[in-house]
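Have a look at the structure below, then the notes.
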Amino acid sequence: MPSEVEGRLYREWEESGAFACGTAAAGAASAVGGGGNAQPYSIVIPPPNVTGSLHMGHALNNTLQDIMIRLARMRGRDVLWQPGMDHAGIATQMVVERMLEAEGKSRQELGREKFIERVWEWKDESGGTITGQLRRLGASCDWPRERFTMDEGLSKAVHKVFVELYKQDLIYKDKRLVNWDPKLKTAISDLEVQQTEVAGHLWHINYPLEGDSGRFITVATTRPETMLGDTAIAVHPGDERYRHLVGTYAILPLVGRRLIIVADDYADPKQGSGAVKITPAHDFNDFEVGRRHDLEMINVLDEEARINENAPAAYQGLDRFEARKKILEELDAQGLIAQIDDHTHMVPCGDRGGVPIEPWLTEQWYADAETLAKPAIEAVRSGRTKFVPEMWAKTYFEWMENIQPWCISRQLWWGHQIPAYYGPDGEIFVEMTYGEVQAAAKAHYGREVALVQDEDVLDTWFSSALWPLTTLGWPEKTPELERYYPTSLLVTGFDIIFFWVARMMMFGLHFHDDVPFDTVYIHALVRDAKGQKMSKSKGNIIDPLELIEKYGADALRFTLASQAAQGRDVKLSEQRIEGNRNFATKLWNAARFCEMNGCAMQPGFDPGAVTGPVNQWLVGQLKAAQDRINAGLDGYRFNEAANDVYHFVWGTFCDWFVEFSKPALQGDDGPIKSEAQATAAWALDAILRLLHPFMPFVTEELWSRTGQGEARDHMLVRAAWPDYGDEVVNEDAREEIEWVIRMITEIRSIRAEMNVPPSAKIPLLLAGASPDTLARLERQRDLIATLARISEMGEQLGELPSGSVQTVVDEATLVLPLADVIDLDQERGRLSKAVAKLDDQIAGMAKKLANKGFTDKAPAEVVAVQRERMAEAEQTRDKLRDALSRF
RNA sequence: GGGCGGUUAGCUCAGCUGGUAGAGCGCCUCGUUUACACCGAGGAGGUCGGCGGUUCGAAACCGUCACCGCCCA
């Protein structure tokens with residue numbers, strides 16, 4: 001479908017208010033007794049970064065959300081899909097800084113205020129990119145409700161949350177080691193640190209023992225430069241080699257500081273020499289050792305990870321890696337390097353800046369995650385919020401139960417500035433308004449004093465943690481909050497369970513006393529066709545917009561949905577998208593066929609009242625497909641639902657029903673023809689509905705084109721989801737048509753194997769057929785004749801003609817007199833092969849049935865089915881053997 | 001080191017609560033017919049990673065090993 005059509009349809013949807021919450025589907029309204037009482041169904045979008053553009057992960061994520069949203073809308077629910085964007089502190093600031101850099105400027109030159117203005121300009125400029133792209137994908141968000149994490153209302157909510165948590169002692173300031181990104185010059189949380197494997201070295205360094213310069217204690221390190229901050233050496237308390245040294249001192253080379261040798265469990269006797277240097281200000285483990293032994297903490301790095309004034313002058317100002325080099329040279333010159341091993345180890349790197357982070361001693365703001373996590377853990381344990389697939393709950397628990405204090409301050413400019421003010425002596429004042437801050441300060445000091453606001457901003461995730469609340473208007477008691485919270489579903493990737501899902505759970509429960517969502521559906525990663533993670537450096541990024549351009553949004557959506565099996569990554573190949581584009585084309589052509597044959601929707605058409613077996617069969621098949629699609633979507637098994645609709649449309653409707661109906665449709669006017677037309681139109685209509693959540697564009701376009709005569713009074717997006725009950729199913733028709741399909745398939749197979757030219761019509765005779773079968777044959781002879789290219793057909797009485805090909809369908813033997821075309825040897829081979837195969841099967845089944853354990857213990861119906869199958873197989877085998885014996 | 005996934009047709013993967021395997025693509029053969037060659041018909045192709053166990057019965061459940069991947073240290 002050309003993209004202009006998609007664009008036009010999207011505009012029509014949007015302009016008609018089809019995506020607005022607060023109204024139930026027009027078509028479904030009657031079914032639920034009026035839109036006003038419709039049950040709410042809500043999803044908040046994972047807010048994309050303002051500077052972002054649509055990547056494959058977004059495409060998958062939003063396709064799945066849109067499928068559920070459109071489904072709910074058609075089911076008559078009052079649907080809200082809440083859109084919006086995230087200010088994405090670090091990421092956005094980096095983008096703008098890079099732009100400044102290109103202009104030869106820096107943010108420091110610009111100053112904070114001007115810089116933020118600049119970021120807002122950039123936000124206004126690029127912020128609409130991704131929402132435009134989401135529209136291209138077909139995402140049916142309630143756009144007028146779009147929010148941004150730095151909107152006034154949302155910022156006020158963030159402020160309120162900070163103040164309340166502060167007053168509840170759940171936010172506090174602390175001086176401890178943080179993950180410091182020396183490139184971005186900010187603290188980051190544990191989650192933003194990525195462990196990267198690096199092939200490095202393990203240097204064994206001799207530290208002279210005090211008072212005995214000829215003797216050494218050897219320590220091993222991967223980071224020699226940190227030795228400048230060493231304040232102790234630790235050995236294991238049980239380590240006999242060093243017991244006598246505990247409490248004595250070593251001398252730090254290059255610096256000359258006395259290092260006490262302490263006994264601590266942290267030292268692993270099996271690791272290296274068993275003695276480990278302790279740098280409390282630059283290593284998380286050493287920090288703990290330092291606390292236990294009351295060691296001095298010497299910070300030797302500045303904010304850009306250069307050696308600072310606490311180190312010997314020779315090293316000051318050197319970058320950490322230059323310092324390492326120089327230190328090693330110097331140690332080597334002094335003969336203090338005992339050994340160098342190649343050593344592969346993990347180096348912590350900032351996920352944004354990409355450079356190794358430094359554990360650095362600074363004062364930062366922390367949230368007491370442990371306290372906040374408790375109710376959030378309980379809510380998942382008790383099932384108030386369910387994870388799908390369930391496995392992810394384990395991941396959630398694992399992290400939540402070992403949660404660390406959450407560092408929420410960032411040394412950035414773009415974000416929510418921390419609403420804490422400092423008095424002249426550093427006293428902290430945190431209040432809702434500046435007036436209250438001033439009042440509190442005055443009360444504290446007894447006079448007006450100058451106050452300074454904290455320079456730092458909050459972690460981006462602090463505000464997105466409030467997303468389900470704030471987008472609905474919290475802290476105001478809005479009708480939306482009342483109606484749509486808790487939301488029905490959250491759809492997101494596993495990579496942000498910790499960053500986002502967990503924190504929304506904490507804040508939702510803490511501030512609104514309820515979980516933010518009923519169900520959390522976690523989808524997989526989209527990889528390339530080879531299963532590789534897509535990344536810029538690998539150059540294997542597939543751009544969803546290019547694919548949409550090339551194959552249409554429907555094809556991309558359908559492909560993503562059909563590949564979204566739970567618990568497995570999506571491997572996206574263009575070939576598959578092409579195949580699904582073909583599927584859309586197939587549907588288009590089928591609709592065209594219906595149109596050409598005058599298939600128009602009949603007002604008041606009752607699918608349960610059709611009389612033709614083909615029509616009855618189709619109705620039943622559609623109802624079965626509807627049930628499977630419902631089951632798939634209700635269980636979030638998108639792949640199953642997609643495959644079910646695919647097979648119904650292509651396999652059942654196009655391949656069989658359309659072919660079956662051709663004689664009627666192309667025949668004379670009359671009740672048979674008009675029922676075929678009405679049934680086809682009805683089925684196509686139901687197909688458009690069932691397929692709409694997956695392929696909204698092509699279905700909407702066809703819907704508008706198939707309204708013949710009678711104008712559609714609403715668009716498909718607002719139509720009712722099919723909901724047929726068992727009363728439309730006709731079992732007799734199903735059996736009869738399935739038999740016809742078996743007959744045709746069998747004859748076609750024989751024809752192909754016997755190389756009967758497709759143009760040749762051949763006669764068909766049935767031997768040993770029951771009266772029921774003969775009656776069926778009579779009723780369905782036209783279908784069989786047309787689709788299997790049969791000239792004449794009838795019952796075979798008496799002796800079977802020689803030189804005929806025989807095969808078996810149920811109890812009947814099909815006799816195809818093909819004396820002139822068959823190759824006797826070939827036919828003999830075919831029959832023997834078939835007989836041998838059946839013999840094998842029969843032997844297996846006989847063995848099973850002879851097993852007393854099976855007949856006694858297996859459920860009766862399983863045994864019965866087995867007996868039946870065996871009898872059928874035997875019957876078929878005997879008939880084929882009989883045919884073989886005639887050669 | 002701890003945890004979690006995966007291993008099924010040439011490729012990519014389905015197979016939900018155990019009853020002897022499916023799809024798409026690819027491949028081979030054929031192609032009459034005004035919906036569609038982005039198509040139709042037919043076909044080939046699998047000891048369901050190895051071993052052991054539970055069971056009347058295991059691709060599915062349990063154990064174990066091998067290999068691959070992810071997360072956390």
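Computed from a predicted model, the values in this text were never measured in an experiment. Lettering of chains follows the sequences in order, A, B, ..., and the numbering in each one begins at 1.
For D495(A), there are no side-chain contact (heavy atoms from CB on, under 4.5 Å) partners at least two apart in sequence or on another chain. Scanning for side-chain contact (heavy atoms from CB on, under 4.5 Å) contacts around M391(A) gives an empty result, with sequence neighbours left out. Residues satisfying the side-chain contact (heavy atoms from CB on, under 4.5 Å) criterion with V198(A), sequence neighbours excluded, are V347(A). Taking the side-chain hydrogen bond (donor to acceptor under 3.5 Å, both in side chains) definition, one finds that Q677(A) meets it with nothing, sequence neighbours left out. With sequence neighbours excluded, the residues forming a side-chain contact (heavy atoms from CB on, under 4.5 Å) with T222(A) are L202(A), H343(A), H345(A), listed by chain and number. Annotation: side-chain hydrogen bond (donor to acceptor under 3.5 Å, both in side chains) contacts of N630(A) (sequence neighbours excluded): R75(A), W721(A).
The cationic atom of R176(A) (NZ for Lys, CZ for Arg) does not lie both less than 6.0 Å from the six-membered ring centre of F287(A) and within 45° of the ring axis.
Salt bridge present: E827(A) and R830(A) bring a charged side-chain N and a carboxylate O closer than 4.0 Å.
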| field | B/S/- contact track for nucleotides 32-37 of chain B, protein heavy atom under 4.0 Å | value | B--BB-

| field | Under 4.0 Å protein heavy-atom contact, by nucleotide of nucleotides 1-6 of chain B - B base, S sugar-phosphate only | value | ---SSS

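Helical stems in RNA chain B, defined as runs of 3 or more consecutive Watson-Crick or G-U wobble pairs with both donor-acceptor distances under 3.5 Å, are listed by first residue as B:1-7 with B:66-72, B:10-13 with B:22-25, B:27-31 with B:39-43, B:49-53 with B:61-65.
The salt bridge (charged side-chain N to carboxylate O under 4.0 Å, His left out) contacts involving residues 656-669 of chain A comprise E659(A)-K662(A), D669(A)-K673(A), where partners must be two or more places apart or lie in separate chains. Residues in residues 780-793 of chain A take part in these salt bridge (charged side-chain N to carboxylate O under 4.0 Å, His left out) pairs, two or more places apart or across chains: E778(A)-R781(A).
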For nucleotides 21-25 of chain B, print each protein N/O atom paired with a nucleotide N/O atom at under 3.5 Å, atom names and distance only.
unit_1, atom_1, unit_2, atom_2, d
rC25(B), O2', Q575(A), OE1, 2.6
rC25(B), O2', Q575(A), NE2, 3.1

